[in-house]
Amino acid sequence: MDEPAGSTQRSRVEVHMAEVVIATRAKDYAQWYQDVIAAAELAEAAGVVRGCMVVRPHGWAIWEKIQAELDRRFKETGHQNAAFPMLIPLSFLQKEAQHATGFAMECAVVTHAGLRAVDGKIELKSELEEPYVVRPTSETIIGHFFAKWIDSYRDLPLLLNQWCSVMRWELRTRLFLRTAEFWWQEGHTAHASHEDALEEVLRMLEVYRDVYENVLAIPVIKGIKTANERFAGALETYCVEALMQDGKSLQGATSHDLGQNFGRAFNVTFQNKEGVRDFVWQTSWGCTTRTIGALIMVHSDDNGLVLPPKVAPIHVAIVPIYRKDEEKERVLEVAHRIARELREDGLVVKVDDREGMKPGAKYYEWERKGVPLRVEVGPRDIEANTVVAKLRACDDQKKTIPMASLGVEVGKLLDFLQKALYDRALAFRTANTVHVDSWSDFVDVFKDERNSKFVYAHWDGTTETELAIKEATKATIRCIPLPDQGLTVEPGKCVKTGNPSAQRVLFAKNY
RNA sequence: CGGGGCGUGGCUCAGCUUGGCUAGAGCGCUGCGUUCGGGACGCAGAGGUCGUAGGUUCAAAUCCUAUCGCCCCGACCA
């Protein structure tokens, strides 16, 4: 950088004044991601527990919003919530071979029960006869209970979901994206036919798409995973994939067609209408706290977190501005009155009446926390019977709004932002999606470490080629897009081998 | 789990190479006063077993060993 002498010193002072420093995306994307989380007080590494995170109140509030949107849709589609043990007998995990090997490396295991004090030191007391695995997912233990509960076709479909945390002993962790413990929901259903199960798989995939696009304002591609990327123990894994600002893909949610694999493993059988006993057809589907990572990486900017109004824990922050005590009294009264009015419209409103903090400092704080709309109220506004409003992103202009139409205007602004964020994310994806037909072009697209893309290219359908492409470019097949995803299904030649290909698939580097 | 980096008040760091004063700074925090339409200022304060455990030494934040945690790259994965 060609900076004039002394400017480093000056900018250092500014950084200190800024109090919270967020790296820019262009300079260090990974650092920026962590800074946004810290600055918005979403979460932090537990530190005392390897690989685990503490989700702080503001982060958890976002998760609660996501949960509420998903849960409502699960109920609307006939599912009930339940809870199963966090500990799973080791023997259960072994019953489905694919499943067992898929999760073997990442299981935490409970081997002891009880503690005892020996010479003032705490020791493990008794070793368990059969160790328990801390659930990495619950197909096995739920399979066990399905076997108990299901006997007739009249018991089907059985449509359950549980909200819980699971543990996978990850070797490399990143807040929200990959931690040892994470929070999620896992749906588990049993059906009388493969057709019914498949319908369920697609129904729930559509729920995820709906929440991603209409609530989180994140456009997604629906698709099927390749054999290589499939859930351990599934016949087929469906997913929604989203493009992050650094060009990498993030799997937003998955929905699995488990076929009869777990039915066989756990002997989950039922008598059909003809009196013949058969194994049930199962599905499972899940969405995790990783979604918050997607929210950060799709919408947020160098000033911090940006949240679509529908998942913002606080919709409006009102900053009062005053000099003298008598101004303060009048301004706060109006601020609280406005807050009451907006709350009647169902909005969560915060009046920031903290003393000893300049308005500007408050603006920056609410901005880095992702509050969609800031309203400023000062003596001039009261005089003119207006307020000043500023959206967090997608519109840099402050707006002056008549007090009388505040409720309507705030609603409009929030709707505008919700849509603008989606449009912006979609435009970004469109601009960063390419069709590639030659191997040299393919390699070229993924050469840049800092900015990759969504690439639609032909693939010959073999795991061998898939792995060779990954080896050469670090890009993997994120999914085979479903026919309704706007991609023309046409045959061609594999970008790597030249062998026949039925359709293009989505390649990207991924999280 | 392999390679690399880093652990010093709440945060960002200086001090370590070459062991030795009472372990410092800025920001933040507390109190008081003045301020307040985009990150305020003055004065007075509080706050640290230098990640942890051993070792070397008359003496360790500093040297050695082990260990834990975090960050980056890789392999693996939601």
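To find a chain, count down the sequence lines: A is the first, B the second, and so on, and within it residues start at 1. All values derive from a computational prediction rather than experimental measurement.
- Between the CG atom of Asp352(A) and the C1' atom of G38(B) there is a distance of 14 Å, rounded to whole Å.
- What separates OH of Tyr364(A) from C1' of G28(B) is a distance of 18 Å, to the nearest Å.
- Using a 4.0 Å cut-off on heavy atoms, the residues of residues 161-171 of chain A that approach RNA chain B are Arg168(A), Glu170(A), Leu171(A), listed by number.
- Of the residues near RNA chain B, Arg374(A) and Gln251(A), the one whose nearest nucleotide (by heavy atom distance) lies more toward the 5' end is Arg374(A).
- Atoms CG (Asn510(A)) and P (G74(B)) sit 12 Å apart, rounded to a whole Å.
- When Watson-Crick and G-U wobble pairs are counted only if both distances are under 3.5 Å, C63(B) pairs with G55(B).
- Spacing between U35(B) and C16(B) at atom P, rounded to whole Å, works out to 46 Å.
- Taking atom C1' in both U57(B) and U12(B), one finds a spacing of 34 Å when rounded to whole Å.
- Using P as the reference atom, C68(B) and A23(B) are 31 Å apart when rounded to the nearest Å.
- Under the 3.5 Å distance criterion, with hydrogens and angles disregarded, a donor-acceptor pair is assigned to the side chains of Asp71(A) and Trp163(A).
- Taking the C1' atoms as reference points, G15(B) lies 41 Å from C76(B), given to the whole Å.
- Toward the 5′ end of RNA chain B lies the nearest nucleotide of Gln31(A), the other residue of the pair Gln31(A) and Glu229(A) mapping further downstream.
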N/O donor-acceptor pairs under 3.5 Å from side chains in residues 43-66 of chain A, not counting sequence neighbours:
unit_1	atom_1	unit_2	atom_2	d
His58(A)	NE2	Lys369(A)	O	2.9
Trp60(A)	NE1	Glu64(A)	OE2	3.3

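- Going from the P atom of C41(B) to that of C36(B) covers 14 Å, rounded to whole Å.
- Rounded to whole angstrom, the span from the CD1 atom of Ile37(A) across to the C1' atom of C71(B) amounts to 13 Å.
- Note that the OG1 atom of Thr283(A) and the CD atom of Glu139(A) stand 9.0 Å from one another [nearest 0.5 Å].
- Spacing between atom CD of Glu44(A) and atom P of G10(B) amounts to 13 Å, rounded to whole angstrom units.
- Partner assigned to C13(B) is G24(B), using Watson-Crick or G-U wobble distances below 3.5 angstrom.
- U56(B) sits 28 Å from G9(B) when the P atoms are compared, rounded to a whole Å.
- For the 3.5 Å distance criterion, the side chains of Thr140(A) and Glu96(A) fail to qualify, holding no donor opposite an acceptor.
- The distance from the CZ atom of Arg478(A) to the CD atom of Glu241(A) is 4.5 Å, given to the nearest 0.5 Å.
- Salt-bridge check for Arg380(A) with Glu327(A): failed, with every basic side-chain N at 4.0 Å or more from each acidic carboxylate O.
- Under the 3.5 Å distance criterion, with hydrogens and angles disregarded, no donor-acceptor pair is assigned to the side chains of Lys390(A) and Gln397(A).
- Under the Watson-Crick and G-U wobble criteria, each requiring two contacts below 3.5 Å, nucleotide G2(B) is paired to C73(B).
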Please list every donor-acceptor pair under 3.5 Å in which a side-chain atom of residues 207-222 of chain A meets a protein atom from a residue at least two apart or in another chain.
unit_1	atom_1	unit_2	atom_2	d
Tyr208(A)	OH	Gln185(A)	OE1	2.5
Tyr208(A)	OH	Gly286(A)	N	3.1
Arg209(A)	NE	Glu206(A)	OE1	2.9
Arg209(A)	NE	Glu206(A)	OE2	3.2
Arg209(A)	NH1	Glu213(A)	OE1	2.6
Arg209(A)	NH2	Glu206(A)	OE2	2.8
Asp210(A)	OD1	Asn214(A)	ND2	2.5
Asp210(A)	OD2	Arg73(A)	NE	2.7
Asp210(A)	OD2	Arg73(A)	NH2	3.4
Tyr212(A)	OH	Gly252(A)	O	2.9
Tyr212(A)	OH	Thr291(A)	OG1	3.1
Glu213(A)	OE2	Val220(A)	N	3.0
Lys222(A)	NZ	Glu206(A)	OE1	2.7

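- For G42(B) and C27(B), the P atoms lie 9 Å apart once the distance is rounded to whole Å.
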| request: Using the ring-ring contact (aromatic ring centres under 6.0 Å, His included) rule, take Phe446(A) and Phe507(A) through it: C-alpha gap first, then chi angles, then the decisive distance, then the call. | output: CA-CA 10 Å; Phe446(A) 292 113; Phe507(A) 284 94; 7.4 Å; no

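- For Arg374(A) and Trp366(A), the positive end is not near the middle of the six-membered ring at less than 6.0 Å and at most 45° from its axis.
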Taking only nitrogen or oxygen atoms into account, show me every contact under 3.5 Å that the protein makes with nucleotides 67-70 of chain B, one pair per line with its distance.
unit_1	atom_1	unit_2	atom_2	d
G69(B)	OP2	Arg50(A)	NH1	3.4
G69(B)	O3'	Gly47(A)	O	3.4
C70(B)	OP1	Gly51(A)	N	2.9

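- The separation of A61(B) from C21(B), taken at their C1' atoms, amounts to 15 Å, rounded to a whole angstrom.
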Can you name the atoms? Protein N/O to nucleotides 30-37 of chain B N/O, anything below 3.5 Å, with the distance.
unit_1	atom_1	unit_2	atom_2	d
C36(B)	O2'	Tyr322(A)	O	3.1
G37(B)	OP1	Lys358(A)	NZ	3.3
G37(B)	N7	Arg380(A)	NH1	3.4
G37(B)	O6	Gly378(A)	O	3.4
G37(B)	O6	Pro379(A)	N	3.1
G37(B)	O6	Arg380(A)	N	2.5
G37(B)	O6	Asp381(A)	N	3.3
G37(B)	N1	Asp381(A)	OD2	2.4
G37(B)	N2	Asp381(A)	OD2	2.9

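- In a base pair of the Watson-Crick type (N1 to N3 plus N6-O4 or O6-N4) or a G-U wobble (N1-O2 and O6-N3), with each distance short of 3.5 Å, A44(B) is matched with U30(B).
- Within 4.0 Å of Leu177(A), counting heavy atoms only, lies at least one base atom of the nucleic acid.
- Figure legend: cation-pi geometry between Arg174(A) and Tyr33(A), with NZ or CZ positioned under 6.0 Å from the six-membered ring centre and within 45° of its axis.
- The interatomic distance linking Glu367(A) (CD) with G38(B) (P) rounds to 12 Å, in whole Å.
- The base of G38(B) lies outside donor-acceptor range of the side chain of Glu365(A), with no N or O pair under 3.5 Å.
- Under 4.0 angstrom from either OP1 or OP2 of C76(B) there lies at least one side-chain N or O belonging to Lys470(A).
- With a 6.0 Å radius and a threshold of 12 heavy atoms from other residues, nucleotides or ligands, Glu383(A) has its CD atom at or below the threshold.
- The ring pair (Phe, Tyr, Trp, His ring centres under 6.0 Å) analysis of residues 222-254 of chain A, with sequence neighbours excluded, yields the pairs His99(A)-Phe231(A), Phe103(A)-Phe231(A), Phe231(A)-His256(A).
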